[in-house]
Student: 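One structure, pasted below without further comment.
Each chain gets a letter, A, B and so on, in the order its sequence line appears, and its residues count up from 1.
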Amino acid sequence: MASQETRYSPAELEPRRQKLWAEMGLDRTPEPSKERRENFYALSMFPYPSGNLHMGHVRNYVITDVIARSQRLKGKRVLHPMGWDAFGLPAENAAIERGVDPAGWTEQNIAQMREQLSRLGLSIDWDREVTTCRPNYYRWTQWLFLQFLDAGLAYRKEATVNWDPVDQTVLANEQVDADGRSWRSGAIVEKRKLRQWFLKITAVADELLDDLASLDGWPERVRTMQANWIGRSTGATLRFALEQDPSEVVEVFTTRPDTAFGVSYVVLAPEHELVDQLTSAAQQAEVADFRQELQSISEQDRLAEDRPKRGVATGGYVLHPFSGERVPVWIADYVLPDYGTGAVMGVPAHDNRDFAFARQYDLPITTVVVSLGSSEPSDAPNEAFTEVGELVNSAQFNGLQGEAAKEAVIEAAVAAGVGDAKVTYRLRDWLISRQRYWGCPIPVIHCDDCGAVPVPEDQLPVELPADAELDGSGGSPLERHPSWSRVPCPKCGKPARRETDTMDTFMCSSWYYLRYTDAANSELPFSVESTAAWMPVDQYVGGVEHAILHLLYSRFFTKVLKQRQLLNCNEPFRRLLTQGMVQGVTFRNPSTRRYVAPAAVTDPMKPLDPETGEPLEVFFEKMSKSKHNGVDPGTVVERYGADTARMFILFKAPPEKDLEWDDADVEGQYRFLQRIWRLADGAREAGMNLSASLTLPTELSKADQELRRAVHIAIEAISEDLDGEELQFNTAVSELMKLSNAMAGSLASATEAVAQEAVQTFLILLAPFAPHLTDELWEQLGGIGSVHQQQWPLLDAAALVRDTVTVVLQVKGKVRGNLEVPANIDKESLEQLALASDVAQKWLEGNPPRRVIVVPGKLVNLVP
RNA sequence: GCCCGUGUAAUCCAAUUGGCAGAGAUAGGCGACUUAAAAUCGCUCCAGUGCGGGUUCGAAUCCCGCCACGGGCACCA
């Protein structure tokens, strides 16, 4: 009879399996258990619905899906949801450019992306889908804003803020990069003085910083980035009274109160409010010129470190808080108005900046700290001594050292009423106002008599008007709307105006993971019970670009909601995996700097510019349209199937690392899955039936033992890769390949029960990675139910045991031979065997070794 | 300048955390099958782990000093 060979055809099989899963409700979240540890929350950072799924999304969601699927097989109740970060500028810009409706445009994109996502076979519970731009979601974003307002953590103030001239809105500090560019538009931001809404994230700065230590499931570098961003520094304020009016003081912040007696001058930021009062008549013109000049240069230039420090004397004097001596007051560009108190004490002997400044303007340098046990201070040091040490020239503080010196000075300052211990932060309050239409309206009404009045809860949501004019003419579209903002004051009923700013979209994404736990709740954003069951998220997966932004804001929300007793967890994300980028091969002509599309390159081994014939540079870069190096997930899925795409992405690189897209490797994965198909085909033809109940014989042949060993090695290794300290999908896939190689050579000749165990185990282990193929084969081989409803295989430690092991025989640390010995041999016998071996005879030349190192099961090292 | 990460075969990546540098894959070479090609199967070439020291019986792994690349922070008082 001819063989009934079948073909692996993902295009036919994958949609069919997906349909079955949907009918079975396989991805639905089970009722959570009361026992928290039975529940597992697997979460991907939700996407902005641009309408186009890209490879970065695929990598993100496939990683989370493997985790979700494997946890289900391990018997956990899994929550694995998906949603849309759907407010944002692209929708509004599309409206301006093409006259489309932002809501319709967004919904259409969501439908399109949901469709693209569904082709990947992700086990997502779509019943809990969350869309931040829909009133039934943003109603609760508004409700939460009112919680912040009620807690005194939301306030409006006039401040110098970052203005994005391209997107025509303000931005939070976190949304401006080190080069002063907007995270979205890339435009250099401008400074503007505006009245805006802020959330008081600084109120929990200490918790945000200190609790980083508890996040041992987070990458170290993300924790460091957050710590740097929060930037806590501990020190003191000292007050210097004005000479001409001792009731006024200049307050400085310093981390080195112990250097107080080394002050030669005080420097104010040019913007400091006391500058005018301090400036003498003689210095008026010079001070004015200097301030004028600073106005004309950009923030960037002013802050560039390599610039020489510049300043002018105000002609005014203050009095030293301890000695009462006159201290001249300067203004200088290196003192920033919005850090600390906007004023510093100049201690040139012990601060590099002050030292440079003092040198430049010939100001006195007084040494007041010397290194421990050192001699006399040098009169003309050539650099600042910035370490802590022993105080000299410091009156009653002489001889004190290090921290004790700092504390003594602070204590004395407090006692004399001239200073306080003080902690400052780099972190600023979160600016959440945006002058745009497509965002969540801030639920506040401004009344001339009552001030800023919160919209009563029963009037939420404050919905966006559907008929706002979006023509890009500048200014807030809500503000220009003829009627939307005109409402009566909820308190007094007089005509009042709605707040027309919308919220930063990061507000919407700071709590979406809580909504998933209780997505249909119409009474509250989420119940305490539902978050208690699921929170914190067990595994969060997303890009490292949110190391500060989203991840810091979400931690902030969590802490505030806990204080408000709306939530009972301290940190939202227990474990965090930051996946690397997906990069595409890029060809560039080094002389013209132009990117050449890979399709135009005839020989990828020796790439030449099709126009000029010049050789091209080849490298990998983040996929983008302008570089012509994007690979469309849809095309790949169409050609090879979702399982191949998933396998490739997981196998090609460790999850945190950047991944270089390579068509040849994709082919390789496709071939692997085809081999699996043929392997199963063979087993089926040989009559394998997974539902047949077979028992392992007590005596196994050598070959059977080897196959079982391979199976259980795979169970052990893959379990560790998926659930251990470090998630390693690439090695898990290679373990699967190893097992399949072992099976290919031995399955046909193995005892029936051993072969069945091997195939069954293999399919379950592979199921999280290639869910469609494995489910199909499971069915073809007569398995009961779906492969995804099975139990994760149990490790049989006995199967790993070998009768004999090969130990390495070293002489003086160099490998000189092997020894095949019983696995359970004791140390002494192993040593005897080693000494008696030919290798020992040959290399020791009859002399007894000085030392013998025996590592049981591994090696014997003879040291002559 | 400071902090973090990464350097292993032509390429992507492993290495039970101090124990034979190679598991897996891609590409290449050879062979089998084929009239031929593709597919498939089998075999196979290629590194002593970025560099220089050190600790150790033994180092990719630990320590010290460098280099390269990537990322973060940066006049923060």
Student: Mind checking side-chain hydrogen bond (donor to acceptor under 3.5 Å, both in side chains) for A:Asp420 and listing every partner two or more places apart, or none if nothing turns up?
Tutor: A:Arg239

Student: Taking all non-hydrogen atoms of both residues into account, name the closest pair between A:Met345 and A:Phe240 and its distance.
Tutor: CB-CZ, 4.2 Å

Student: With rounding to the closest Å, how many angstrom separate the P atoms on B:C33 and B:C45?
Tutor: 23 Å

Student: Kindly write out the residues that satisfy side-chain hydrogen bond (donor to acceptor under 3.5 Å, both in side chains) with A:Asp663, not counting sequence neighbours, or none if the list is empty.
Tutor: A:Trp661

Student: With the criterion being N/O to N/O and under 3.5 Å, what pairs connect the protein with nucleotides 37-46 of chain B, and how long is each?
Tutor:
residue : atom : partner  : partner atom : Å
B:U40   : O3'  : A:Arg678 : NH2          : 3.4

Student: Using the test side-chain hydrogen bond (donor to acceptor under 3.5 Å, both in side chains), find all partners of A:Ser9 that sit at least two apart in sequence or belong to another chain.
Tutor: none

Student: On a whole-Å scale, what distance lies between the P atoms belonging to B:U44 and B:C51?
Tutor: 29 Å

Student: Can you list the stems that RNA chain B is part of, where a stem is at least 3 pairs in a row, each Watson-Crick or G-U, with both distances below 3.5 Å?
Tutor: B:1-7 with B:67-73, B:10-12 with B:24-26, B:28-32 with B:40-44, B:50-54 with B:62-66

Student: Could you work out which one of B:G24, B:C73, B:A77 sits closest to the side chain of A:Ser734?
Tutor: B:G24

Student: Tell me the closest heavy-atom pair linking A:Met581 and A:Asp658, and the distance in Å.
Tutor: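 Taking A:Met581 first and A:Asp658 second, the nearest heavy atoms are N-OD1, 2.9 Å.
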
Student: How far, in whole Å, is B:A21 from B:A14 if one measures between their C1' atoms?
Tutor: 10 Å

Student: Under a 4.5 Å cut-off applied to non-hydrogen side-chain atoms, are A:Ile715 and A:Val711 in contact?
Tutor: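 Answer yes - side chains close enough.
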
Student: Assign each of A:Gly342 and A:Ala664 to its nearest nucleotide of RNA chain B by heavy atoms, then name whichever residue's nucleotide is nearer the 5' end.
Tutor: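 Closer to the 5' end of RNA chain B: A:Ala664.
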
Student: Going by a 90° cut-off around 0, is B:G53 syn or anti?
Tutor: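 Anti, which is what one calls it when the glycosidic angle falls more than 90° from 0.
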
Student: Categorize A:Pro654 for me: base, sugar-phosphate, or nothing, with a 4.0 angstrom heavy-atom threshold over every strand shown.
Tutor: sugar-phosphate

Student: Distance check, C1' atoms only: B:G42 and B:C4, in whole angstrom units.
Tutor: 47 Å

Student: Of the nucleotides B:A77, B:U26, B:C13, which one has an atom closest to the side chain of A:Asp662?
Tutor: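 The answer is B:U26, which lies nearest to the side chain.
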
Student: Flag yes if more than 12 heavy atoms outside A:Arg428 fall under 6.0 Å of its CZ atom; otherwise flag no.
Tutor: yes

Student: Determine the Euclidean distance between corresponding C1' atoms of B:U8 and B:C69; express it in Å to zero decimal places.
Tutor: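 Result for the C1' pair: 16 Å, nearest Å.
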
Student: Does the separation of the ring centres of A:Tyr361 and A:Tyr265 fall below 6.0 angstrom?
Tutor: no

Student: Once you round it to whole Å, what is the distance between P of B:C4 and CD of A:Gln226?
Tutor: 17 Å

Student: Does A:Arg426 make a side-chain N or O approach to OP1 or OP2 of B:A77 shorter than 4.0 Å?
Tutor: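 No.
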
Student: Measure the distance from CE on A:Met225 to C1' on B:G70 and round it to the nearest whole Å.
Tutor: 13 Å

Student: Taking the side chain of A:Thr255 as its heavy atoms from C-beta onward, which of B:C13, B:G72, B:A77 lies nearest to it?
Tutor: B:A77

Student: In whole Å, what is the span from the CZ atom of A:Phe253 to the C1' atom of B:C76?
Tutor: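 One finds 9 Å between C1' of B:C76 and CZ of A:Phe253, rounded.
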
Student: Pick base, sugar-phosphate or nothing for A:Glu660, based on heavy-atom distances below 4.0 Å to the nucleic acid.
Tutor: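 Contact class for A:Glu660: sugar-phosphate only.
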
Student: How is A:Phe651 classified with respect to the nucleic acid when contacts are heavy atoms under 4.0 Å: base, sugar-phosphate, or nothing?
Tutor: base

Student: Among A:Leu800, A:Asp721, A:Asp796, whose side-chain contact (heavy atoms from CB on, under 4.5 Å) with A:Glu716 holds?
Tutor: A:Leu800

Student: Assign the ring pair A:His546 / A:His550 to parallel, tilted or perpendicular, where the plane angle (0 to 90°) is split at 30° and 60°.
Tutor: perpendicular

Student: Would you mind telling me which of B:A77, B:G24, B:C13 lies closest to the side-chain atoms of A:Asn730?
Tutor: B:C13

Student: Would you kindly give the NZ-to-P distance between A:Lys652 and B:A14, to the nearest whole Å?
Tutor: 12 Å

Student: Want to settle it: does A:Thr224 or A:Arg256 sit nearer the 5' end of RNA chain B, counting the closest nucleotide to each?
Tutor: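 Per heavy-atom nearest nucleotide, the more 5' residue is A:Thr224.
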
Student: What is the separation between atom CG on A:Leu650 and atom P on B:C13, rounded to the nearest whole Å?
Tutor: 14 Å

Student: Tell me yes or no: between the side chains of A:Tyr640 and A:Gln669, is some donor less than 3.5 Å from an acceptor?
Tutor: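 Checked: A:Tyr640/A:Gln669 side chains show no N/O donor-acceptor pair below 3.5 Å.
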
Student: Taking atom CZ of A:Arg639 as the centre, report whether more than 12 heavy atoms of other residues, nucleotides or ligands fall under 6.0 Å from it.
Tutor: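 12 or below, so no.
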
Student: State the syn/anti category of B:U17 according to its glycosidic angle, syn meaning within 90° of 0.
Tutor: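 Chi for B:U17 falls in the syn range.
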
Student: Pick out the pairs of N or O atoms, protein on one side and nucleotides 15-21 of chain B on the other, that lie under 3.5 Å.
Tutor:
residue : atom : partner  : partner atom : Å
B:G19   : N2   : A:Gln810 : OE1          : 3.0

Student: What's the CD1-C1' distance between A:Ile713 and B:A23, to the nearest Å?
Tutor: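 Rounding to the nearest Å, CD1 of A:Ile713 and C1' of B:A23 are 11 Å apart.
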
Student: What distance, rounded to whole Å, do you find between the two P atoms, one in B:A15 and one in B:G70?
Tutor: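 Each nucleotide's P atom is 26 Å from the other's.
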
Student: Parallel, tilted or perpendicular: which one describes the rings of A:Phe261 and A:Phe322, with boundaries at 30° and 60°?
Tutor: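 Answer is parallel, since the angle falls under 30°.
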
Student: Any base atoms under 4.0 Å from A:Arg221, or only sugar-phosphate, or nothing? Heavy atoms, all strands.
Tutor: sugar-phosphate

Student: Just call it for A:Gly231: base, sugar-phosphate, or nothing, with non-hydrogen atoms closer than 4.0 Å on any strand.
Tutor: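 Nothing, no nucleic acid heavy atom in range.
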
Student: With rounding to whole Å, what would you report as the distance between B:U26 and B:A32 at their P atoms?
Tutor: 22 Å

Student: Rounded to the Å, how far apart are A:Ile230 CD1 and B:C76 C1'?
Tutor: 15 Å

Student: Report the distance from atom OH of A:Tyr670 to atom P of B:A25, rounded to the nearest whole Å.
Tutor: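 My rounded result for the distance is 19 Å.
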
Student: Sticking with atom C1', work out how far B:G28 lies from B:C46, rounded to a whole angstrom.
Tutor: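 Each nucleotide's C1' atom is 10 Å from the other's.
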
Student: Check the angle between the aromatic planes of A:Phe769 and A:Phe729 and answer parallel, tilted or perpendicular using the 30° and 60° thresholds.
Tutor: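 It falls in the perpendicular class, over 60°.
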
Student: Looking at every strand, decide which applies to A:Asn741 at a 4.0 Å heavy-atom threshold: base, sugar-phosphate, or nothing.
Tutor: sugar-phosphate

